[in-house]
Number of protein chains: 2
Amino acid sequence: MIQSQAFAAPAHLALDAGADDVMARMGLRMTFAKDEEIYGQDEDADLIYRVVSGAVRTSRLMSDGRRQIGDFYYPGEMFGLEAVKQHRFSAEALCDCVILVLKASALRVAAGETAYDRMVQVATNSELDRTQDHLLLLGRKSASERVASFLIGLADRRRSDAVTLPMGRQDMADYLGLTIETVSRMLTQLQAALVVEFAGARQFRIANRAALARMAD
Amino acid sequence: MIQSQAFAAPAHLALDAGADDVMARMGLRMTFAKDEEIYGQDEDADLIYRVVSGAVRTSRLMSDGRRQIGDFYYPGEMFGLEAVKQHRFSAEALCDCVILVLKASALRVAAGETAYDRMVQVATNSELDRTQDHLLLLGRKSASERVASFLIGLADRRRSDAVTLPMGRQDMADYLGLTIETVSRMLTQLQAALVVEFAGARQFRIANRAALARMAD
DNA sequence: CGACGCTTTGACAAACTTCAATCCCCGTGG
DNA sequence: CCACGGGGATTGAAGTTTGTCAAAGCGTCG
């Protein structure tokens with residue numbers, strides 16, 4: 001299912017109005033199929049991206065196939081511009097999606113060097129903040145805390161208590177540093193505790209936000 | 001023991017020559033005792049720091065006392081300037097140490113706005129890179145891989161195969177997302193495999209770098 | 001309606017943690 | 001210089017959490 005409902009991007013990930021406009025006017029609109037690569041690990045980074053519809057994951061693979069997902073990106077959010085020269089993670093489409101792509105140098109010229117630099121700095125900082133939260137989650141939280149954190153974080157980011165998951169269990173697991181089986185068990189447990197309700201595997205609603213927040217720590 | 005041998009900081013963490021000079025001339029030299037706080041979580045971030053001697057850790061606490069260490073910093077390296085407005089991690093002295101402290105605004109004026117912005121951008125990016133490596137370590141590596149990664153990473157950063165650890169086992173454990181017992185067991189295992197040699201708990205030498213690199217993945 | 005892929009569940013195994021005891025530095029004081 | 005004391009480190013045994021493997025369930029899409 002394509003993630004297509006419109007909503008505002010969280011402030012920390014949105015372009016400022018001017019650059020946003022530039023991007024919409026000058027950017028190239030590209031469509032990617034589910035699981036298609038948008039850019040690769042160790043690829044040169046001279047493009048910036050913005051999700052129009054659908055959703056994106058960034059991930060890194062180990063030689064034996066283990067995978068860590070860095071983050072997910074939703075409509076209105078930018079990604080790929082935190083790299084200095086080369087990407088450290090690859091980016092792939094979570095589902096069929098439309099992405100606005102623009103040369104960094106073009107945006108730099110169009111938006112002005114100062115505005116561009118400020119924008120990149122803000123984006124990099126918000127990326128770092130989010131990565132540091134993720135670090136605490138992976139280093140010190142239990143499986144149930146990780147899943148609770150994920151659900152509440154997603155709901156906050158999407159500004160809604162009822163969310164459609166754009167990713168499957170494997171993507172959640174690779175984001176949370178768990179296996180799909182453990183993720184599934186924790187979700188079952190959260191439902192049994194009447195903290196969240198699921199309608200199918202992809203649609204959930206937070207039934208008890210205080211309890212969920214408590215479980216996420 | 002104070003970590004005082006002189007060496008060059010890795011390029012990615014060093015100030016460029018001009019700013020470095022400014023910092024040495026204008027910065028305030030402060031000494032911190034072991035475990036003393038340099039700045040606190042959620043404190044305003046308007047100062048930048050540079051390690052002169054000793055070593056520093058950044059860490060975040062959960063309400064129940066679980067701790068995640070973000071990174072360690074060594075002589076010549078800067079820290080604390082990646083925050084936009086507030087620190088997300090606190091910083092503490094790993095051992096008695098000397099830190100150069102300077103107001104960000106002062107460096108901004110002295111070094112020039114452009115040079116300052118570039119410097120902050122470079123520092124933030126290197127911080128993000130390191131944090132992303134850390135993410136993979138915490139999310140997808142086994143205990144032995146984590147310890148191997150830590151040792152080889154430390155040796156690379158210090159540019160030597162023989163290193164004195166400035167931190168105790170608890171700090172290593174909180175960086176690696178493990179317990180001190182597990183860290184200790186993995187170290188014992190690495191010694192038994194003749195991959196590293198320890199002289200006391202704080203002094204080690206890499207005996208088989210290829211094997212260690214393989215174990216770190 | 002049927003088949004395929006994803007998710008859930010169960011039983012078992014492995015990895016890591018916990019708790020407790022012992023050891024070993026290392027610094028101090030006799 | 002050596003004995004002693006203490007804090008951190010190591011080791012062991014048992015427990016818990018999470019992973020693995022296998023089977024069954026469910027939904028979605030032809």
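Letters A, B, ... are given to chains in the order of the sequence lines, protein chains preceding strands, and every chain is numbered from 1.
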Practice task
Output the single nucleotide from C/dC16, C/dG10, D/dA9 whose closest atom is nearest the side chain of B/Arg202.
Solution key: D/dA9
Exercise for the section: Choose from D/dA9, D/dT18, C/dA11 the nucleotide whose nearest atom is closest to any side-chain atom of B/Ala201. Expected result: D/dA9
Exercise for the section: With heavy atoms under 4.0 Å as the rule, sort B/Gly168 into base, sugar-phosphate or nothing. Expected result: sugar-phosphate
Atom pair distance, as rounded to whole Å: [atom1] in [X] and [atom2] in [N]:
X        : N      : atom1 : atom2 : answer
A/Lys34  : D/dT28 : NZ    : P     : 14 Å
A/Arg66  : D/dG19 : CZ    : P     : 12 Å
A/Leu178 : C/dT8  : CG    : P     : 14 Å
B/Glu181 : D/dA13 : CD    : C1'   : 13 Å
A/Ile180 : D/dC26 : CD1   : P     : 17 Å
B/Lys141 : D/dT18 : NZ    : P     : 21 Å
B/Arg169 : C/dC24 : CZ    : P     : 15 Å
A/Gln203 : C/dT7  : CD    : P     : 14 Å

Problem - OP1 or OP2 of C/dT7 under 4.0 Å from side-chain N/O of A/Ser184 - result: no
Exercise for the section: Answer yes or no: is there an ion pair linking B/Arg140 with A/Asp174, defined by an N-O contact shorter than 4.0 Å? Expected result: yes
Problem - Presence of salt bridge, A/Arg209 and A/Asp161, under 4.0 angstrom - result: yes
Exercise for the section: Name the residue closer to the 5' end of DNA chain D, choosing between A/Val183 and B/Phe198 according to the nucleotide with the nearest heavy atom. Expected result: B/Phe198
Problem - 5' precedence on DNA chain C between A/Met167 and A/Arg140 (nearest-nucleotide basis) - result: A/Met167
Handout entry: B/Gln189 side chain vs B/Met186 backbone, donor-acceptor pair below 3.5 Å
Key = no
Exercise for the section: Verify, without hydrogens or angle tests, whether B/Glu77 (side chain) and B/Tyr74 (backbone) share a donor-acceptor contact under 3.5 angstrom. Expected result: yes
